[in-house]
Amino acid sequence: MEEQEVHIRIVSASAEDASALADLFIGHITAHPEYISHGELQMGVGEEFVRDGCFITRPAPDAREKWIRAMLFQMSDDAVSHVWKAVDDNGTLMGFCAAYIVEDAIVRFGMIDDILVNPQCRGGGVGNTLLQTAIDWLHSKGIRDIFLESGKDNHAAHCYFEKRGFVHVSEIYKLMEI
């Protein structure tokens with residue numbers, strides 16, 4: 001049987017997509033809590049604890065609701081934030097990416113907030129297409145400095161981002177009450 005070529009379409013996500021995006025996101029962070037970064041902890045989507053001297057993250061019990069609320073906010077202002085989804089010819093969700101512009105800094109900069117590809121769709125260019133879409137959108141808004149964040153133990157993602165020109169620039173620390 002001949003393998004059929006999959007076409008990737010990148011389209012703006014809308015409020016109607018929030019539930020499907022949340023299912024993909026929550027499923028991923030449940031299976032891979034190393035994805036959880038300080039952004040998810042700050043939003044309350046993730047929670048953390050220390051066990052045997054190791055910092056551990058996991059999804060918060062109400063992670064889905066909080067994440068949907070945050071995504072709906074990002075979908076509400078096309079001027080400073082945007083969410084895209086990747087779909088195939090059948091409309092099947094392949095992944096998503098969210099980016100926003102920080103305007104309250106001395107120098108405006110862009111943040112790629114999340115990029116996630118459905119595990120069954122990895123290796124086919126979905127992530128690269130989503131990432132380039134976000135970068136192109138930020139550039140079209142006059143943004144040159146682009147940052148992203150990643151969970152401290154999300155090493156596969158770190159390698160992916162470094163291969164695409166991102167460099168490790170800092171560490172984030174959180175005070176854990178003693």
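Just so you know, residue 1 is the first one in the sequence shown, and it goes up from there.
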Q: Checking side chain to side chain contact (heavy atoms under 4.5 Å, CB included) between I10 and each of V87, L130, V126, which is the one that passes?
A: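 Filter result, single survivor: L130.
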Q: Is atom CZ of R51 surrounded by more than 12 heavy atoms (other residues, nucleotides or ligands) closer than 6.0 Å?
A: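 Counting neighbours around CZ of R51, 12 or fewer heavy atoms of other residues, nucleotides or ligands fall under 6.0 Å, so no.
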Q: Would you check if F161 and I115 make a side-chain contact, meaning some heavy-atom pair closer than 4.5 Å?
A: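 Touching, per the 4.5 Å side-chain cut-off.
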Q: Within the 4.5 Å heavy-atom criterion, are K85 and S14 side-chain neighbours or not?
A: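 Side-chain contact under 4.5 Å: no.
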Q: I'd like to know if L72 and V83 are part of one continuous hydrophobic network [Ile/Leu/Val/Met/Phe/Trp/Tyr, side-chain heavy atoms within less than 4.5 Å].
A: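 Yes, V83 connects to L72 through the hydrophobic network.
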Q: Between R108 and D145, does at least one N-O distance fall below 4.0 Å, as a salt bridge requires?
A: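 No, this pair does not count.
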Q: Going by heavy atoms in the side chains, are F96 and D17 under 4.5 Å from each other?
A: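 The answer is no, as the side chains (C-beta and beyond) never meet within the 4.5 Å cut-off.
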Q: For the hydrophobic clusters of this structure (ILVMFWY residues joined by side-chain heavy atoms under 4.5 Å, transitively), does one cluster hold both I172 and F147?
A: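 Looking at the clustering, F147 is in a separate group from I172.
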Q: Do you know which two heavy atoms are closest between H158 and G151, and how far apart they sit?
A: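 So the minimum-distance heavy-atom pair works out to NE2-O, 2.8 Å.
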Q: Between K66 and G44, which heavy-atom pair has the shortest distance, and what is it?
A: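 Closest approach of K66 to G44, heavy atoms only: CD-O, 3.4 Å.
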Q: Is a side-chain donor or acceptor of E40 paired with a backbone partner of S37 at a separation under 3.5 angstrom?
A: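 Confirmed, E40 side chain pairs with S37 backbone.
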Q: State which residue, out of D114, T30, T57, fulfils the side-chain hydrogen bond (donor to acceptor under 3.5 Å, both in side chains) condition with Y35.
A: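 For Y35, the side-chain hydrogen bond (donor to acceptor under 3.5 Å, both in side chains) test succeeds with only one of D114, T30, T57, which is D114.
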Q: Do side-chain atoms of T92 reach the backbone of D88 as a donor and acceptor pair under 3.5 angstrom?
A: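 No, because the side chain of T92 does not come within donor-acceptor range (under 3.5 Å) of the backbone of D88.
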Q: Ignoring hydrogens, what is the shortest heavy-atom contact between A13 and M75? Give both atom names and the distance.
A: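 For A13 versus M75, the nearest heavy atoms are CB-CE, 4.0 Å.
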Q: Would you kindly say whether N154 and Y160 are connected by a side-chain donor-acceptor distance under 3.5 Å?
A: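 N154 vs Y160: no donor-acceptor pair found between side chains.
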Q: Any sub-3.5 Å donor-acceptor pair from R64's side-chain atoms to F25's backbone N or O?
A: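 No, because the side chain of R64 does not come within donor-acceptor range (under 3.5 Å) of the backbone of F25.
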Q: If I compare all heavy atoms of V117 with all of R122, which pair ends up nearest, and what's the gap?
A: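 Shortest heavy-atom separation between V117 and R122 comes out as O-NH2, 2.9 Å.
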Q: Side-chain contact, heavy-atom cut-off 4.5 Å: L131 with C97?
A: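 Of all side-chain heavy-atom pairs linking C97 with L131, none is under 4.5 Å.
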Q: Minimum heavy-atom separation for I68 to S19, with atom names?
A: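 It is CD1-CA, 4.4 Å.
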Q: Could you report the tightest heavy-atom contact between P119 and L24, atom names first, then the distance?
A: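 Of all heavy-atom pairs spanning P119 and L24, the closest is CD-CD1, 4.4 Å.
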Q: Is the shortest side-chain heavy-atom distance between W137 and I101 below 4.5 Å?
A: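 Yes, side chains in contact.
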Q: Quick check: do I56 and R58 have side-chain heavy atoms less than 4.5 Å from each other?
A: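 With C-beta onward as the side chain, the pair stays apart.
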Q: Given the rule that I, L, V, M, F, W and Y join up when any side-chain heavy atoms are under 4.5 Å apart, are I143 and V102 in one cluster?
A: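 As far as the 4.5 Å side-chain criterion goes, V102 and I143 are not connected within one cluster.
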Q: Between N128 and Q132, is any side-chain donor less than 3.5 angstrom from a side-chain acceptor?
A: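 Not at all, the side chains of N128 and Q132 share no donor-acceptor pair under 3.5 Å.
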Q: Is there a side-chain contact between H82 and Q74 (heavy atoms, below 4.5 Å)?
A: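 With C-beta onward as the side chain, the pair stays apart.
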Q: Are any non-hydrogen side-chain atoms of M176 and F55 less than 4.5 angstrom apart?
A: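 Side-chain contact under 4.5 Å: yes.
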Q: For the atom pair OG (S81) and CE (M111), what is the distance rounded to the nearest 0.5 Å?
A: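 If I round to the nearest 0.5 Å, the distance is 13.0 Å.
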Q: Can I36 be reached from M43 by stepping across I, L, V, M, F, W or Y side chains whose heavy atoms are under 4.5 Å apart?
A: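 Linked within one cluster.
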Q: Going only through I, L, V, M, F, W and Y residues with side-chain contacts under 4.5 Å, is there a path from I135 to Y100?
A: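 As far as the 4.5 Å side-chain criterion goes, Y100 and I135 are not connected within one cluster.
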Q: Does OH in Y173 sit with more than 12 non-hydrogen atoms of other residues, nucleotides or ligands closer than 6.0 Å?
A: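 Counting other residues, nucleotides and ligands, OH of Y173 stays at 12 neighbours or fewer.
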